[in-house]
2 protein chains.
Amino acid sequence: MELLVKEPKTKRGFETLNRICDSAKKLFFEKGYFNTSINDITDGANIAPGTFYIYFNDKLNLYKYLLLQFSYEIRKSISLATRDCKTRYEKEYNGLKTYLDFIKNNQTAYRIIWESQYVDAQSFRDYYENFAVRYSKGIVEAQKNNEVIDIDPMNISYVLMGISNFIGLKYVIFDNKDSYEDVVADVMKILENGLFIHK
Amino acid sequence: MELLVKEPKTKRGFETLNRICDSAKKLFFEKGYFNTSINDITDGANIAPGTFYIYFNDKLNLYKYLLLQFSYEIRKSISLATRDCKTRYEKEYNGLKTYLDFIKNNQTAYRIIWESQYVDAQSFRDYYENFAVRYSKGIVEAQKNNEVIDIDPMNISYVLMGISNFIGLKYVIFDNKDSYEDVVADVMKILENGLFIHK
DNA sequence: TAAAAACATGAAACACTATTCATGTGAATG
DNA sequence: CATTCACATGAATAGTGTTTCATGTTTTTA
């Protein structure tokens, strides 16, 4: 597979690459991928148009590169925040809270992930299928442990991803709410009896 | 507000308008809004480029017009399918099944609704907020009736919309599954104990 | 410090797209 | 059947965006 980025070799190069990425994130968030031209990006990064091509073959590669970065970051955040949780319930609780905080602080990520459905359908699919497979593994463990009801773990994964995404859509993207404690509590009330088994 | 479409007066006019809409639906589904030019649309409809402007002021108006149509159709389908349901549980069951069948038969609708986030953010927001408000009203009724647990009905609405959407994403868009009986059953198992009150 | 490698420039070539409009055709009306 | 209205055409215009490349500058290497 073609490399997404042409890695710089010097400090100056890394700084320019960062400026390109920062400019792109800002513009993709504000105007979307298709309404952002390479000229817009280079203007925002204070570089000449041609400089863009030192680092990326085209706009699509830059986009895929950012998507991949976000997908790492988001998984890492959740993984760190739920590492020490004793129960699956606790894992879901912290996972949802962390997800909402992440997209509050990285609204670009939310937009870029969903827009990928139209920019690069395969990346979009990879992103969610990948996420779901990892999710399912955790669910299977919890089921073995008799913490979670015995239905198809893939169904559970997509149900939980759907809830997170739409709660995020409403309270982060639409309403830009400050805190999500109460919302998370409501969601967990549903899951408490619907998904989890009380020993 | 500006009219979305310039209504034709004759049979011939309606036929041309339909050809434009059909061509656009097909192309928006295959390539997305931004990768579809007006020339692509008129080519697909077997008309000259200029003819497009007899019916629409620009591509955006055509898009909004299609979005509005789908939003009516999807609501009508669900409303018809759940009209005679006795319980809220039954309503949710049939609603989910109908939604999945609808987007299976109108995959363009799913794509167009989500893409609106990037084409016309206000329309996207209107679509979901509107849907959620109507949904909430039904939930409030069910809560009065002691069928559904007492948490914020807006939270319940977004949870349920999130589930439908992501189950649809997985089994309609990704997997193109034939039938959704088993998936719907799994989802209802979660809701049965999580959302509904057993009398 | 000389040579090489990395990085940066921006004008120019090329491709594509939206939109207009003068002209023309088909259908309905009185 | 002549007039009018609705609809259709497609060449031309104007604008935008991508990408290349010859040239120049900075940094690293030997």
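Chain letters run A, B, ... following the sequence lines, proteins first, then strands; residues in each count from 1. Every heavy atom of this structure was used, including side-chain atoms; hydrogens, water molecules and symmetry mates were not.
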Margin query: Within 45 degrees of the ring normal and closer than 6.0 Å to the centroid, is that where the cationic atom of B:Lys59 sits relative to B:Tyr33?
Written below: yes
Next item on the list: Would you mind reading off the distance between B:Glu7 atom CD and D:dC7 atom P, rounded to a whole angstrom?
Entry: 10 Å
Next item on the list: Classify the ring geometry between A:Tyr158 and B:Phe174 as parallel (under 30°), tilted (30 to 60°) or perpendicular (over 60°).
Entry: perpendicular
Next item on the list: Mind calculating the distance between CZ (B:Phe56) and C1' (D:dC7) to the nearest angstrom?
Entry: 15 Å
Note to self: I'd like to know if A:Glu141 pairs up with A:Arg88 as an ion pair, taking the criterion as any Lys NZ or Arg NE/NH1/NH2 lying under 4.0 Å from an Asp or Glu carboxylate oxygen.
What the structure shows: no
Margin query: Measure CD1/B:Ile54 against P/C:dT25 and give the value in whole Å, please.
Written below: 15 Å
Checklist line | Spacing of B:Asn46 atom CG relative to D:dG10 atom P, expressed in whole Å | finding: 12 Å
Next item on the list: Please name all residues satisfying side chain to side chain donor-acceptor pair (under 3.5 Å) with B:Asn106, sequence neighbours left out, ordered by chain then number.
Entry: none
Next item on the list: Starting at the 5' end of nucleotides 12-30 of chain D, put B wherever the base has a protein heavy atom under 4.0 Å, S where only the sugar-phosphate does, and a dash everywhere else.
Entry: -----SBBB-----SSS--
Check: Quick one, which residues of residues 13-24 of chain B touch DNA chain D with a heavy atom under 4.0 Å?
Finding: B:Gly13, B:Thr16
Check: When the distance from OH of B:Tyr33 to P of C:dT17 is rounded to whole Å, what number comes out?
Finding: 14 Å
Item checked: B:Phe70/B:Tyr110 under ring pair (Phe, Tyr, Trp, His ring centres under 6.0 Å): CA gap, chis, key distance, verdict -> CA-CA 9 Å; B:Phe70 280 126; B:Tyr110 189 92; over 10 Å; no
Margin query: Between C1' on C:dA18 and CZ on B:Phe34, what's the gap in Å once rounded to a whole number?
Written below: 15 Å
Next item on the list: Determine the interplanar angle of the A:Phe34 and B:Phe34 rings, folded into 0 to 90°, and report it as parallel if under 30°, tilted if 30 to 60°, perpendicular if over 60°.
Entry: parallel
Checklist line | Main-chain N/O of B:Asp101 paired to B:Asn105 side chain as donor or acceptor, under 3.5 Å | finding: yes
Notebook entry, point to check: Is it true that B:Val140 and B:Ile156 fall in one hydrophobic cluster, defined by side-chain heavy atoms closer than 4.5 Å?
Noted result: no
